[in-house]
Amino acid sequence: MNTTQSTTITTATPPGCTPRLLTERAGREDLAAYRQAGGYAPLTDPDALLSEVEASGLVGRGGAAFPLAVKLRTVRDNGRLIAETGGTVVVANGEEGEPASVKDRWLLRNRPHLILDGLRLAATIVGADRAYVYVSDPESAHSVEIALGEIDSQPIRVELLTVQPGYVAGEETAAVRMINEGLAKPTDKPPRPFEAGVDDRPTLVSNVETLANLPYLQRHGAAAFRAEGTSLSPGTFLATITGAGRAPVLYELPHGLPFTELLALHGVSPDQVRGVLMGGYFAGLLDRRVLETNLDHETMRRMGSGLGCGAISVITDDCPVAVAASVLAYFDRENAGQCGSCFNGTAAMAAAAGALRDGAATTEDVERLRRWSVLLRGRGACATLDAATNVAATLLDQFPDDVAAHLGGTCQGCSPAAFRADRPYEAEAHA
């Protein structure tokens, strides 16, 4: 295993996996070092690169796992339809609102030119004349600002936009609304940004890790990209691993890696594992069946879960009921306060889960929680309410014995003190 202690967090890769996004050198990569490694190579045929992106199977690393080539092609084509009235816009989304993830901050702080290069390539493919780097972390913003100052000439205008951190602030329509109106809150869809985004122009909003893969594709092509991963989940991805009483580590992993191999890298015995919180907080809980899984999108979907932003919190000593109650309380605090279904729904689910954690819930409360986890799904303007329903549903479906123990007041793990973290399994920026 390659392990590096950078200025922000410990990073590592498994044996036999050559990192594409992480680096073995500590500290921020400057322009000279990035160019020496082949960065900012001229792009003479944008359509050919788009074909390579399509052949690579690269999907978004921000959470939704949507094919990047489809986004690029749609924004490009929509832009050509309105070419006489204005071009397209590209936004590098680095507002890492997910507390359990640190990957975007690491890239922005340590490899800003990799992100700016990917932004340049995406902008060239879609014919953009404006681009934004959208962040909330002050150190990330400072790193990008230095990088922009190092570049002697830029084919498009790149603007750095700093926003107050928040769970909803990184949602793509919230990013567009922040640029347009100065308010980082989601809007109803349609239209989606690829239809009408910044200044009503077709807009590509893409996670910074997703964009960071484009320079590799330009230099090496789709076949090399697919040399790691699986046929349906090609390439590598960044995974922030928290929990299990250990310091967070940022790994670059090949898709398809068995979860037990990740545990071995992280120094956690499978016997200790009660379950995991997958995809940051979004994908909900997964019980010990996670020990039988591989870390790829198709396997996680079959398990009713997802990789999301690549954040995985390993649950060992904490009670799943207490973890779920903490996460639902977080969503209650972090919702945008715009949609009644979300504002009221997250509060109701958080209250029911909190009562269950504290031994004050009834079977009727649990049944209400179960009903809300189904009926409230898909009702908000963004995915916050869906995330909350995922947590509630997976708790009830996959940890029935723990739920029953709380109903009966017999949970030994919660008898001394329940798990009440404000931001459970948060990955701190500094190791």
Side-chain angles (χ1 to χ4, degrees), residues 59-83 85-98 104 108 115-116 118-137 140-141 144 156-211 282 309 334-339 342 378 380-387:
V59 299
R61 303 299 200 248
F66 191 81
L68 179 62
V70 174
K71 269 192 173 183
L72 289 168
R73 193 177 298 278
T74 303
V75 172
R76 183 200 65 179
D77 293 349
N78 287 345
R80 287 174 177 175
L81 293 175
I82 63 164
T85 58
T88 60
V89 181
V90 176
V91 179
N93 189 356
E95 200 300 296
E96 195 167 31
E98 177 56 71
D104 295 340
L108 287 159
I115 293 168
L116 292 176
L119 181 64
R120 169 190 71 99
L121 295 172
T124 305
I125 289 172
V126 304
D129 59 0
R130 289 165 59 192
Y132 295 85
V133 180
Y134 178 75
V135 301
S136 61
D137 172 52
S140 297
V144 172
I156 60 168
R157 179 163 61 93
V158 178
E159 183 176 337
L160 174 64
L161 185 64
T162 305
V163 64
Q164 286 295 313
Y167 188 79
V168 300
E171 199 268 348
E172 63 174 4
T173 64
V176 168
R177 189 176 181 185
M178 180 63 189
I179 296 169
N180 285 337
E181 305 174 18
L183 183 64
K185 291 192 175 184
T187 58
D188 288 330
K189 300 171 278 290
R192 290 190 175 274
F194 66 80
E195 298 167 314
V198 176
D199 294 339
D200 288 329
R201 298 182 182 191
T203 301
L204 174 76
V205 182
S206 190
N207 173 259
V208 294
E209 182 191 345
T210 313
L211 294 174
F282 181 83
C309 64
E334 286 291 313
N335 76 76
Q338 299 184 130
C339 306
C342 183
C382 69
T384 302
L385 188 54
D386 286 350

salt_bridge(Glu172, Lys71) N-O dist < 4.0 Å
yes

Taking C-beta and beyond as the side chain, do Arg61 and Thr210 meet within less than 4.5 Å on heavy atoms?
yes

Residues in salt bridge (charged side-chain N to carboxylate O under 4.0 Å, His left out) with Glu159, at least two apart?
Arg157

Can you find a heavy atom in the side chain of Val135 that is under 4.5 Å from one in the side chain of Leu160?
yes

Do Thr173 and Cys382 touch side chain to side chain, with heavy atoms closer than 4.5 Å?
no

Just wondering, do Thr203 and Val75 contact through their side chains at under 4.5 Å, heavy atoms?
no

Can you tell me how far apart CD (Gln338) and CG (Leu183) are? Round to the nearest 0.5 Å.
6.5 Å

Indicate yes or no: at least one non-hydrogen side-chain atom of Val91 is less than 4.5 angstrom from one of Val176.
no

Please find the pair of heavy atoms, one from Leu68 and one from Ser206, that lie closest to each other, and give the distance.
CD1-OG, 3.8 Å

Output all residues satisfying salt bridge (charged side-chain N to carboxylate O under 4.0 Å, His left out) with Glu96, sequence neighbours left out; order by chain, then residue number.
Arg105

Could you tell me if the side chain of Asp199 sits less than 4.5 Å from the side chain of Asn180, heavy atoms only?
yes

What pairs meet the ring pair (Phe, Tyr, Trp, His ring centres under 6.0 Å) rule with one or both residues in residues 165-188, with sequence neighbours excluded?
Tyr167-Tyr330, Tyr167-Phe331

Spatial distance of atom OG1 (Thr162) from atom CG (Asp137) [nearest 0.5 Å]
9.0 Å

Please say which of Leu161, Leu211, Leu116, Asn93 ends up in a side chain to side chain contact (heavy atoms under 4.5 Å, CB included) with Val133.
Leu116

